[in-house]
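Lettering follows sequence order; numbering is per chain, from 1.
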Amino acid sequence: MQRALPVDRSRFADWYQAVVRDADMAETSPVRGAMVIKPWGWGVWEQIQAELDRRIKATGHENCYFPMFIPLSFIAREAEHVEGFAKEMAVVTHHRLKTIDGKLQPDPAAKLEEPLIVRPTSETIIGDAFSRWIKSHRDLPMLLNQWANVVRWEMRPRLFLRTTEFLWQEGHTAHAGAEDAMEETRRMLEVYRVFAEEVLAMPVIAGEKPENERFPGAVNTWSIEAMMQDGKALQAGTSHFLGTHFAEAQNIRFQDDSGGMEFCNTTSWGVSTRLIGGVIMTHGDDDGLRLPPAIAPRQVVVVPMLRDKPEDADVLKFCEALVADLSKEHVFGQQLRAFLDTKKIKSAEKRWNWVRRGAPIIIEIGPRDAASGQVTYMRRDALRDGDKVKSIAKPRQDFLEGVVQLLAEIQAGLYAEAKARLDGNIKSGVTDWAGVEDYFAGDEETFKGWLRVSWSRPAGAELDAIDTRLKALKLTIRNAPLDQPREFAPCLFTGMPGVEEILIGRAY
RNA sequence: CGGAGCGUAGCGCAGCCUGGUAGCGCAUCUGCUUUGGGAGCAGAGGGUCGCGUGUUCAAAUCACGCCGCUCCGACCA
């Protein structure tokens, strides 16, 4: 059987790279760890951005933009924050180049008095603005968001999943009370959960991160965790309750209604281009990418079967009219995105390109289709019947009437498939360490899901010790899911009474 | 930064051990044929064999150094 990709999912890391490349999503750049996002990959990001932006605004936030350079002294203000990010910071030290000894280099005479760091996140520079903008309880809550690029100097980059520069949105809010800020943190976590599931068709588990996995400077961190097809967890979004940590470090205060001065409670939350990696590893198959229709830059692609013959004109005319009619339809609250591929390459080649890119519906129109008013199409979510590619033929009108429903069905189908994988691979009932070792035994290649175990939420040194034991098995605590039972088994690690269930797994 | 592996055409690889000046498949270009679907035939273009130094009459091949990539650790949205 001939697949559209050179490798299949049994070699998951190679397969992932093949999809990214062959689906025209992105490529590596001359700068180590930074990527070039190609039009098809960027198109997916634009869809993600547009829909998430709408949801962020619908929850009362306004967009703004802060500089990518942050004075070094700003980042130093919050102790944990510095410690967390210091190791991966890009630093700007000069503002001019000069040719010295025939070599172009930073001009020593143009050294910055205070180095600038390239933002790894913007809490400190936005906090600085908050401290000036917030005077009164009447200014609160302040609900901001920005779409930006950030830089974290990572050791081991991987396209979309972990790149030195990446794109994201970061929400930053300030509130009068802790309760209000906590509510905001949870609200945005829920926005992410629903977005991931509805739009990306990527089921996730929302929950709270253990102490050792918190954002540097946060009081609490919540995440949504998705399960990739190799069983590993992908942290797909985070939402942080920062308490008054940053407010105290940056003097973000307001006068309350009785005239007293109080520190604000702040939050921050973000999702990044990593989501695209999540989509690839959730939905991709051995023929390449499968895009959920809601984020596919082109939802229905029409490939005319042109043969350099007179009837080509009729085929093209039929296709153009079809695309025009498709474009009148609305799906997921937006105009249907239909595209006619007239590129002068072999039709078969076009078909496979769209298969690899994951266009949800690929239509092939030949002279006979055009003449008889018929539409022949493939569903990318169910491309093959056994080994053979499955083509479906329908009268044009029937297809047009059913296309919106069909796209919705594909979206739902992809979700259901991923949801079954997630639910089917979280194992409960393991109560001792031997059970953990047993579950995760074997090599890296064999699929393992996650364990859901009870624990007593140890902290400090005790938690560090647990972390070390887990690390030996390449495991981490992903999060403590929001929905918890009423009663708990004894703690798997300490034997103490359990207070919470957590997810354990391998992660990206 | 530590351990392992790998850098030869856009992609996937052979050649390296046993030095003689570069090859295969796919892709690309041209022509002819074909045409309900990843076509056939013929021809063509494309490579300072990661970079540098050395050994040699001669280096993709041997030696040394460097760089980059991938996987595994530390880090991580």
Side-chain angles (χ1 to χ4, degrees), chain A residues 1-7 11-14 16-18 21-22 24 27-28 30-33 83-89 119-121 148-170 192 209 213-216 221 223-226 233-240 268-278 287 303-309 311-312 315 344-356 362-372 374 376 378 383 388-389 391 393 443-445 468 471-472 474 476 506-508:
Chain A
M1 164 180 44
Q2 199 173 4
R3 291 288 185 177
L5 286 186
V7 291
R11 288 155 58 199
F12 203 73
D14 290 343
Y16 176 78
Q17 289 185 73
R21 186 189 65 226
D22 290 352
D24 283 329
E27 61 183 32
T28 53
V31 182
R32 183 188 149 78
E83 203 189 322
F85 284 108
K87 287 164 287 183
E88 48 187 50
M89 215 81 90
R119 63 179 164 217
T121 178
N149 58 339
V150 287
V151 167
R152 297 180 189 176
W153 215 264
E154 298 291 350
M155 292 294 139
R156 276 181 55 202
R158 208 122 122 60
L159 291 174
F160 289 117
L161 299 176
R162 196 186 306 107
T163 48
T164 301
E165 179 190 13
F166 60 94
L167 306 176
W168 74 348
Q169 60 65 219
E170 46 180 324
Y192 288 157
K209 285 283 187 185
E213 301 276 349
R214 270 180 211 145
F215 174 78
T221 287
S223 72
I224 51 171
E225 302 282 332
L234 183 76
Q235 180 172 307
T238 48
S239 186
H240 316 290
S268 67
W269 29 274
V271 298
S272 71
T273 34
R274 170 179 270 192
L275 288 177
I276 297 174
D287 287 303
V303 176
M305 310 304 287
L306 304 176
R307 298 181 300 182
D308 289 324
K309 294 220 169 154
E311 60 262 35
D312 280 4
V315 172
K344 299 230 177 303
I345 57 172
K346 275 182 288 189
S347 310
E349 191 58 33
K350 280 192 256 194
R351 171 217 274 207
W352 289 104
N353 284 342
W354 290 114
V355 165
R356 279 184 280 266
I362 302 164
I363 297 177
E364 294 181 322
I365 299 293
R368 226 175 290 163
D369 292 313
S372 67
Q374 177 181 270
T376 304
M378 285 165 286
L383 184 69
K388 282 204 313 246
V389 171
S391 275
D443 60 10
E444 191 91 7
E445 303 304 310
T468 306
K471 240 171 210 167
K474 295 176 185 173
T476 51
R506 292 186 176 154
Y508 276 95

Strictly by Watson-Crick or wobble contacts shorter than 3.5 Å, is anything paired with B:rG19, and which nucleotide is it? none

Per atom distances to the A:Arg21 side chain, the nearest of B:rC75, B:rA77, B:rG12 is B:rG12

A:Ile345 CD1 to B:rA39 C1', in whole Å, measures 15 Å

Protein-nucleotide distance (A:Lys344, atom NZ; B:rU30, atom C1'), rounded to Å: 18 Å

Answer with base, sugar-phosphate or nothing: what part of the nucleic acid does A:Thr163 contact at a heavy-atom distance below 4.0 Å? base

Write down the distance separating the P atoms in B:rG50 and B:rC6, rounded off to the nearest Å. 14 Å

For B:rG10, the Watson-Crick or wobble counterpart (both distances under 3.5 Å): B:rC26

Touch check for A:Leu161, heavy atoms < 4.0 angstrom, all strands: base, sugar-phosphate only, or nothing? base

Using the C1' atom as the reference point in each nucleotide, state the distance between B:rG65 and B:rU21 in Å, no decimals. 25 Å

Could you work out which one of B:rA77, B:rG38, B:rA39 sits closest to the side chain of A:Lys346? B:rA39

Which part of the nucleic acid, if any, lies within reach of A:Thr376 when heavy atoms closer than 4.0 Å are counted: base, sugar-phosphate only, or nothing? base

Please step through side-chain contact (heavy atoms from CB on, under 4.5 Å) for the pair A:Phe166 and A:Arg152, ending with a clear verdict. CA-CA 8 Å; A:Phe166 60 94; A:Arg152 297 180 189 176; 4.0 Å; yes

When the distance from CG of A:Leu383 to P of B:rG38 is rounded to whole Å, what number comes out? 14 Å

Side chain of A:Pro367 (C-beta onward), nearest among B:rC75, B:rG37, B:rG12: B:rG37

For A:Arg307 and B:rG38, give me the distance from atom CZ to atom P, rounded to whole Å. 12 Å

Among B:rG73, B:rA77, B:rC71, the one nearest A:Lys474 by side-chain distance: B:rG73

Rounded C1' spacing from B:rC49 to B:rG7 in Å: 10 Å

Pairwise C1' distance, B:rG20 and B:rA58 [rounded to whole Å]: 7 Å

Count the heavy atoms of every other residue, nucleotide or ligand shown that sit under 6.0 Å from CD of A:Glu311, and state whether that count exceeds 12. yes

Suppose you measure atom C1' in B:rC26 against the same atom in B:rC66; what distance do you get, rounded to whole Å? 34 Å

How are the rings of A:His240 and A:Phe215 set to each other: parallel, tilted or perpendicular (split at 30° and 60°)? parallel

What's the closest nucleotide to the side chain of A:Arg356 if the choices are B:rG38, B:rC71, B:rA77? B:rG38

For B:rG45, give its Watson-Crick or G-U wobble partner with both distances under 3.5 Å, or none. none

Shortest side-chain distance from A:Lys309, nucleotide among B:rC71, B:rU35, B:rG38: B:rU35

Please state the P separation for the pair B:rA42 and B:rG25 - nearest whole angstrom. 11 Å

Heavy atoms under 4.0 Å, any strand shown: does A:Gln235 hit a base, just sugar-phosphate, or nothing? sugar-phosphate

Mind checking the P distance from B:rG46 to B:rA22? Whole angstroms is fine. 13 Å

Listed nucleotide nearest any side-chain atom of A:Phe166, set B:rA39, B:rC11, B:rA77: B:rA77

Check whether the aromatic ring of A:Trp168 stacks on the base of B:rA77, taking stacking as ring centres less than 5.5 Å apart and planes within 30° of each other. no

In this structure, how many angstroms lie between the P atom of B:rG37 and the CG atom of A:Leu306, rounded? 16 Å

Nucleotide B:rU34, atom P - distance to CD of A:Glu311 in whole Å: 14 Å

What is the pairing partner of B:rA59, taking Watson-Crick or G-U wobble pairs with both distances under 3.5 Å in any strand? none

Per atom distances to the A:Arg152 side chain, the nearest of B:rG37, B:rG38, B:rC76 is B:rC76

Of all the choices, B:rG37, B:rA77, B:rC11, which nucleotide is nearest to the side chain of A:Glu364 once you look at every atom? B:rG37

With a 3.5 angstrom cut-off on both distances, give the Watson-Crick or G-U wobble partner of B:rG37, or none if there isn't one. none

Answer with base, sugar-phosphate or nothing: what part of the nucleic acid does A:Asp369 contact at a heavy-atom distance below 4.0 Å? base

B:rG65 pairs with, by Watson-Crick or G-U criteria that keep both distances under 3.5 Å: B:rC51

Rounded P spacing from B:rA63 to B:rU18 in Å: 10 Å

To the nearest Å, how far apart are A:Lys350 NZ and B:rG37 C1'? 12 Å

Name the pairing partner of B:rG73, where a pair is Watson-Crick or G-U wobble with both distances under 3.5 Å, or state none. B:rC1

Within the structure shown, what part of the strands sits under 4.0 Å from A:Gly270 by heavy-atom distance: base, sugar-phosphate, or nothing? nothing

If you pin A:Asp22 and A:Gln374 to their nearest nucleotides in RNA chain B, which one's is more 5'? A:Asp22

What's the closest nucleotide to the side chain of A:Gln17 if the choices are B:rA77, B:rC71, B:rG37? B:rC71

Protein-nucleotide distance (A:Leu234, atom CG; B:rC76, atom P), rounded to Å: 15 Å

Describe the nucleic acid contact of A:Lys471 in one word from base, sugar-phosphate, nothing, applying a heavy-atom distance below 4.0 Å. sugar-phosphate

